[in-house]
Number of protein chains: 2
Amino acid sequence: MGCWTMEKQVHGKKEAIIGAALKLFTERGFYGTSTAQISREAGVATGTLFNYFSTKEDLINDLYYEVKGNLSQSLREGLGDESSFQAKIKRMWSNLIDWGVSNPQEFLFTEHFCSSPYISKLTRDEVLKEYTFFRDVVREGMEEGQMKEFPQDLIMSILFDSGKTVVRLILNSPGTQDKEQLIENSFQLIWGGLAKE
Amino acid sequence: MGCWTMEKQVHGKKEAIIGAALKLFTERGFYGTSTAQISREAGVATGTLFNYFSTKEDLINDLYYEVKGNLSQSLREGLGDESSFQAKIKRMWSNLIDWGVSNPQEFLFTEHFCSSPYISKLTRDEVLKEYTFFRDVVREGMEEGQMKEFPQDLIMSILFDSGKTVVRLILNSPGTQDKEQLIENSFQLIWGGLAKE
DNA sequence: GGAACAAATGACTGATTAGTCAATCATGGG
DNA sequence: CCCATGATTGACTAATCAGTCATTTGTTCC
């Protein structure tokens, strides 16, 4: 009984609903997924969904906030251990790709919904605050003169988007590729264009 | 009268419907846009839409085919004039970015719908055939030993996706940026990582 | 056992959906 | 002038939607 209560705390209805929404939104889109489908997938009644989220939009905003938070956390993993600028960038590079490959559903969700009109500007701004550390690392490298002189926005966008490109490659490949080798190759490619000398 | 007839041929109902669908799909998504809204935006009756497209999915497949065809055409522009491998790649690079910046609606459509479940595998395969020239150019460069030895898929994906990154940067910037300079910078960045030596 | 409270339920509603089709319209030939 | 043909129309339908709420179920105290 106590065991059941704990189980419920770990895999509660709210988490089940968020998980079902994540799966169905990525598979069928926001408007393409009905709240009834989400409830069914989560194994709860339709009314239960609206006990936890007052509207369907609330649900996707919560989901967005949670997924982006996870990504932000993963990106920072082990970042403090690295001293050189290149090592920091490479660590974030690997972290991004590892996260995407280990969490394909979350990755595809960010791909499809980051620039979607369903997510409120408020939530978006809230999430952006979590990523200032990335901007800081890049600015640090620029000030130290570690990179050729490109606009900061260009550097950040290329770094992030190229990482996502590699995740997509791995997810779409039939698994025959050597993941570590691809991460190494792709980092060399981008770093080679970025680094001074 | 004859004039009217010609006008109708140039801006016929079908084109109006496709244009309206392009606008609304990018703004509100596939399921988020009703056929009634598309008809209203196109200035036709709801029934007229179904004279030209038997289902809503037919409409988005047609749209996808048309937009991707335009992009493919634009990518090839002036490609025959270039002799060196670097010049060919740079030409396609500029072509991609120019196309995206001049056709933001079409660009955003490809961003949101290229990997969406609404578009049939048949249409997708049909479109892929239009892009073999890109694969051929890259393979040629690889065989000539113009690039460091990376997997072909990685090279192609990075080239294409980084181009899209630059388009996004330009579209999101408040217009203050120097477009030509950004194209030059970004090409240097990618080419610098790609080229041998 | 049972009172008190919260969590969960699912039948229900008014609004909206993709798609239909009988009626209307415009055009061009005889 | 009128009829034939094909394009266009919009009221209509069955299905589905997000969200509600009166009721039932589960838990915790005494």
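Chain A is the first sequence line, chain B the second, and so forth, proteins listed ahead of strands; every chain is numbered from 1. The analysis underlying the following values was restricted to heavy atoms, covering all of them including side chains, and did not include hydrogens, waters or symmetry mates.
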SB check A:Lys68 A:Glu130 (cutoff 4.0 Å): no
Donor-acceptor pair between B:Thr123 and B:Ser120 side chains, under 3.5 angstrom: yes
Nearest-nucleotide pick for B:Asn51, side chain only, options being C:dT9, D:dG19, D:dT9: D:dT9
B:Tyr118/B:Tyr31 aromatic ring centres below 6.0 Å: yes
Spacing of A:Ile17 atom CD1 relative to C:dT9 atom P, expressed in whole Å: 9 Å
side-chain N/O A:Thr35 vs D:dA18 OP1/OP2, d < 4.0 Å: yes
Whole-Å gap separating P (C:dA18) and CD (B:Glu57): 12 Å
Side chain to side chain, A:Pro151 and B:Leu182, heavy atoms closer than 4.5 Å: yes
Test: A:Lys179 and A:Asp98 ion pair at under 4.0 Å: yes
Length of the line joining B:Lys14:NZ and D:dT8:P, which is rounded to integer Å: 12 Å
Gap between atoms NZ and P, on B:Lys56 and C:dG19 respectively (whole Å): 8 Å
Side-chain ion pair, A:Arg168 and B:Asp153, N-O less than 4.0 Å: no
Axis deviation across the helix from C:dG1-D:dC30 to C:dG30-D:dC1, five-pair ends, to the nearest 10°: 10°
Between P of D:dT16 and CZ of A:Arg40, the distance in whole Å: 10 Å
Touch class at under 4.0 angstrom, heavy-atom based, for B:Tyr52 against every strand present: sugar-phosphate
Value in whole Å for how far the P atom of C:dG10 lies from CG of A:Leu49: 14 Å
CA sep, side-chain torsions, deciding dist, call: A:Trp99, A:Asn70, side chain to side chain contact (heavy atoms under 4.5 Å, CB included): CA-CA 9 Å; A:Trp99 180 84; A:Asn70 285 348; 4.1 Å; yes
Presence of A:Lys13 side-chain N/O under 4.0 Å of C:dT9 phosphate oxygens OP1/OP2: yes
N/O to N/O distances under 3.5 Å, protein versus nucleotides 11-15 of chain D:
unit_1 : atom_1 : unit_2  : atom_2 : d
D:dA11 : N6     : B:Thr46 : OG1    : 3.1

Sugar-phosphate, base or nothing in reach of A:Thr48, heavy atoms under 4.0 Å: base
Whole angstrom value for the distance that separates P of C:dT16 from CD of B:Gln37: 10 Å
Sugar-phosphate, base or nothing in reach of B:Ser54, heavy atoms under 4.0 Å: nothing
B:Asp125 with B:Lys129: basic N within carboxylate O range, under 4.0 Å: no
Carboxylate-amine/guanidinium contact B:Lys90 B:Glu184, below 4.0 Å: yes
Could you pull out every donor-acceptor pair under 3.5 Å between side chains of residues 79-87 of chain B and any protein atom, sequence neighbours left out?
unit_1  : atom_1 : unit_2  : atom_2 : d
B:Glu82 : OE2    : B:Arg91 : NE     : 2.9
B:Glu82 : OE2    : B:Arg91 : NH2    : 2.7
B:Ser84 : OG     : B:Ala87 : N      : 3.0

Rounded distance (Å) that lies between atom C1' of C:dT13 and atom CZ of A:Phe50: 13 Å
D:dT16 OP1/OP2 closer than 4.0 Å to side-chain N/O of A:Ser34: no
Sugar-phosphate, base or nothing in reach of B:Thr33, heavy atoms under 4.0 Å: sugar-phosphate
